[in-house]
K.L.:
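Let me begin by handing over the structure; questions about it come next.
Quick note: residue numbers are just sequence positions, from 1. Side-chain atoms are counted along with the backbone in the values below, which use heavy atoms only and exclude waters and symmetry mates.
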Amino acid sequence: SEVTLKHTFELGGKRSSRKQVAIAEKEISETKHIAELEEASREFAVKIHRLRQINTELELANENLETFRGIQRQYKKLGRLNPEQSVSVSVFEIAEQETELKKETLSQEKNQILSEFQSILGNGLALNEKLLPDLRSDWPNINVDEIKNSTHLNLRREVDLASAKYGLAKSESWPNLSIGPKIEQTTGDVNETTVGVALSMPLPILSLNRGGRARASSELQKAEMQKRLISNRLEQYKNFLLSSYLSSSKIVQKSVKRANIQKRHKNLHTLLNRGVVNSALVIEMHREVFEFYEGLHEHELKAIDALWRLYALRGTLLEEEI
């Protein structure tokens with residue numbers, strides 16, 4: 001009878017290679033979490049600005065409704081209307097209905113954003129609309145010297161994972177060494193007990209893992225090529241975002257400083273009360289004011305979205321404040 005107790009030593013760095021693969025996979029999971037935080041932060045920044053815009057547009061809609069209804073009441077006090085006055089009343093009624101539709105659309109959009117915020121903050125908390133960000137008149141300068149967002153970080157970690165798997169495939173070409181004590185006992189005419197050391201190591205003649213190494217090597221080359229390709233695309237995307245941000249922010253900045261909409265709107269109502277403005281001009285001016293704010297808000301959201309995407313590209317998004 002014989003008893004052998006052998007311990008296996010993995011040669012070729014198998015253990016450290018498996019450890020490197022596990023570390024790379026863990027870092028990729030962390031990168032996906034960072035990507036989700038980046039997207040959530042950007043969406044929150046855009047939507048909280050949109051909420052302030054909606055409040056402004058709802059105020060304009062309510063003011064327009066009050067104006068249109070007030071003019072209709074004035075016409076109705078006249079009693080019998082001539083054909084031109086009847087047409088004017090009909091025009092104001094249509095303008096009122098159109099404004100009601102816009103108001104309802106804005107209210108639904110506002111409720112949707114508030115419900116999303118409530119799901120984040122919890123049912124017990126409410127968003128204080130007094131703390132909503134104001135319309136910027138001055139916009140920050142931003143430079144992205146080096147791209148460090150989650151996409152770029154994930155590319156680098158994908159290369160690290162492929163490299164670790166290639167190292168693991170190479171380590172598996174090495175055989176394992178097994179060594180330990182051995183006790184052999186012989187019984188019969190002569191009883192004899194022998195104690196020694198047992199050692200075994202298979203010869204790596206047909207177990208070089210050439211297929212596994214070739215596959216891992218091709219996966220590494222693929223990851224490196226993908227990193228170069230997407231890195232070039234990220235550079236182009238960065239330049240596009242910078243151009244979009246500068247263009248939209250300048251438009252907003254100029255519009256806020258040059259267009260004194262409130263003063264013009266007030267002058268219109270002064271002329272309206274004096275009865276020197278016809279119905280077509282009243283409706284057209286109110287529509288122009290509303291459309292001006294719609295266009296202004298659209299460019300503001302584009303600038304905000306581009307700004308926070310640039311924050312993400314340079315890796316500082318989670319440190320920024322609204």
K.L.:
Any carboxylate oxygen within less than 4.0 angstrom of a Lys/Arg side-chain nitrogen, looking at K47 and E116?
P.N.:
yes

K.L.:
Quickly, which of E300, E109, E43, E298 forms a salt bridge (charged side-chain N to carboxylate O under 4.0 Å, His left out) with R50? Name it, please.
P.N.:
E109

K.L.:
Who passes salt bridge (Lys or Arg N to Asp or Glu O under 4.0 Å) against E38, sequence neighbours left out?
P.N.:
none

K.L.:
As an exercise, state the distance from CG of L313 to OG1 of T151, rounded to the nearest 0.5 Å.
P.N.:
8.0 Å

K.L.:
Determine yes or no for a side-chain-to-main-chain donor-acceptor pair under 3.5 angstrom, with S243 supplying the side chain and N239 the backbone.
P.N.:
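No; judged by distance alone, with no hydrogens or angles, the pair does not exist.
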
K.L.:
Within this structure, what is the CD-NE2 distance for the pair E146 and H152, rounded to the nearest 0.5 Å?
P.N.:
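Reported value, rounded in 0.5 Å steps: 7.0 Å.
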
K.L.:
Give every donor-acceptor pair under 3.5 Å between a side-chain atom in residues 222-231 and any protein atom, sequence neighbours left out.
P.N.:
from : atom 1 : to   : atom 2 : distance (Å)
S231 : OG     : K227 : O      : 2.6

K.L.:
Would a distance-only check, ignoring hydrogens and angles, find a side-chain to backbone donor-acceptor pair under 3.5 Å from S107 to K103?
P.N.:
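Checked: pair present.
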
K.L.:
Between V159 and L161, is there shared hydrophobic-cluster membership here, with clusters defined by ILVMFWY side-chain heavy atoms closer than 4.5 Å?
P.N.:
no

K.L.:
For a quick test of reading the model, state the closest non-hydrogen atom pair linking K238 to L310 and the distance between them.
P.N.:
O-CD2, 4.0 Å

K.L.:
What is the distance from atom NZ of K250 to atom OG of S248, rounded to the nearest 0.5 Å?
P.N.:
11.5 Å

K.L.:
Test your reading of the model: is there a side-chain donor-acceptor pair from R157 to the backbone of E27, 3.5 Å cut-off?
P.N.:
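A pair under 3.5 Å: yes.
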
K.L.:
Using modelled atom types and a 3.5 Å cut-off, is there a donor and acceptor pairing between side-chain atoms of S247 and backbone atoms of S244?
P.N.:
no

K.L.:
Just by distance, do the side chain of H33 and the backbone of S29 share a donor-acceptor pair under 3.5 Å?
P.N.:
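Flag not set: sc H33 to bb S29 has no pair under 3.5 Å.
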
K.L.:
Show the nearest heavy-atom pair for residues E219 and A162, with the distance to one decimal.
P.N.:
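Smallest interatomic distance, heavy atoms only, reads O-CB, 4.0 Å.
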
K.L.:
Would you check if there is a donor-acceptor pair between the side chains of E104 and Q108 at a distance under 3.5 Å?
P.N.:
yes

K.L.:
Decide yes or no for N55 and K110: does some side-chain heavy atom of the first lie under 4.5 Å from some side-chain heavy atom of the second?
P.N.:
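Yes - at least one pair of side-chain heavy atoms lies under 4.5 Å apart.
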
K.L.:
Give the minimum heavy-atom separation between T4 and A198, together with the two atoms involved.
P.N.:
CG2-CB, 3.6 Å

K.L.:
Same cluster or not: L65 versus Y293, using hydrophobic residues (I, L, V, M, F, W, Y) connected whenever any side-chain heavy atoms lie under 4.5 Å apart?
P.N.:
no

K.L.:
Would you please test L135 and Q53 for side-chain contact (heavy atoms from CB on, under 4.5 Å) and show each step?
P.N.:
CA-CA 9 Å; L135 177 64; Q53 294 178 354; 5.9 Å; no

K.L.:
Please say yes or no: joined through hydrophobic side-chain contacts below 4.5 Å, possibly via intermediate residues, are L220 and I23 part of one cluster?
P.N.:
no

K.L.:
Rounded to the nearest 0.5 Å, what separation is found between the CG atom of N62 and the OG1 atom of T99?
P.N.:
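Between N62 CG and T99 OG1, I get 10.0 Å after rounding to 0.5 Å.
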
K.L.:
Would L153 end up clustered with L155 when hydrophobic side chains under 4.5 Å apart are linked, directly or stepwise?
P.N.:
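Not linked; separate clusters.
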
K.L.:
List the steps, then state whether side-chain contact (heavy atoms from CB on, under 4.5 Å) holds for I113 with I54.
P.N.:
CA-CA 10 Å; I113 294 176; I54 291 174; 4.0 Å; yes

K.L.:
Walk me through whether D134 and R52 qualify under side-chain contact (heavy atoms from CB on, under 4.5 Å).
P.N.:
CA-CA 7 Å; D134 296 327; R52 186 258 304 153; 5.5 Å; no

K.L.:
List the atom of S41, the atom of W308, and the distance in Å for their closest heavy-atom pair.
P.N.:
O-CE3, 4.4 Å

K.L.:
Do S249 side-chain atoms and Y245 backbone N/O form a donor-acceptor pair below 3.5 Å?
P.N.:
yes

K.L.:
Taking all atoms of both residues into account, what is the closest heavy-atom pair of K6 and S200, and its distance?
P.N.:
NZ-OG, 3.2 Å

K.L.:
Return yes if some donor-acceptor pair links the side-chain N/O of D305 with the main-chain N/O of L301 below 3.5 Å, else return no.
P.N.:
no

K.L.:
How long is the gap from CG on L296 to NZ on K254, to the nearest 0.5 Å?
P.N.:
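Going from CG on L296 over to NZ on K254, the span is 14.0 Å.
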
K.L.:
Does the side chain of M285 come within less than 4.5 Å of V289's, by heavy atoms?
P.N.:
yes

K.L.:
Quick check on E66: does its CD atom have over 12 non-hydrogen neighbours (other residues, nucleotides or ligands) under 6.0 Å away?
P.N.:
no

K.L.:
Side-chain contact, heavy-atom cut-off 4.5 Å: I304 with W139?
P.N.:
yes

K.L.:
Quick one: do F240 and I251 end up in the same hydrophobic cluster if we chain Ile, Leu, Val, Met, Phe, Trp and Tyr together by side-chain heavy atoms under 4.5 Å apart?
P.N.:
no

K.L.:
What I want to find out is whether E39 reaches R42 closely enough, with some N-O distance under 4.0 Å, to be called a salt bridge.
P.N.:
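The answer is yes: the pair qualifies as a salt bridge.
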
K.L.:
For the residue pair R136 and P140, what are the closest heavy atoms and their distance?
P.N.:
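Result for this residue pair: NH1-CD, 3.2 Å.
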
K.L.:
Please lay out, stage by stage, how L51 and F117 fare under the test side-chain contact (heavy atoms from CB on, under 4.5 Å).
P.N.:
CA-CA 11 Å; L51 189 59; F117 285 163; 4.2 Å; yes

K.L.:
Please evaluate residues E100 and R69 with respect to the criterion salt bridge (charged side-chain N to carboxylate O under 4.0 Å, His left out), reporting the C-alpha separation (whole Å), side-chain torsions for both, the decisive distance (0.1 Å), and the verdict.
P.N.:
CA-CA 12 Å; E100 284 282 5; R69 290 167 181 170; 2.4 Å; yes

K.L.:
Which pairs of donor and acceptor atoms, one on a side chain in residues 315-322, lie under 3.5 Å apart (sequence neighbours left out)?
P.N.:
from : atom 1 : to   : atom 2 : distance (Å)
T316 : OG1    : R314 : NE     : 2.8
T316 : OG1    : E320 : OE2    : 3.1
E320 : OE2    : R314 : NH2    : 3.3

K.L.:
Does NZ in K148 sit with more than 12 non-hydrogen atoms of other residues, nucleotides or ligands closer than 6.0 Å?
P.N.:
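Result for NZ/K148: open.
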
K.L.:
Measuring from Q185:CD to E192:CD, what's the distance to the nearest 0.5 Å?
P.N.:
10.0 Å

K.L.:
Taking only Lys NZ, Arg NE, NH1 and NH2, and the carboxylate oxygens of Asp or Glu, determine whether K26 and E30 approach each other closer than 4.0 Å.
P.N.:
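A salt bridge links K26 with E30.
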
K.L.:
So do the side chains of L241 and V144 get within less than 4.5 Å of each other, counting heavy atoms only?
P.N.:
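L241 vs V144: side chains apart.
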
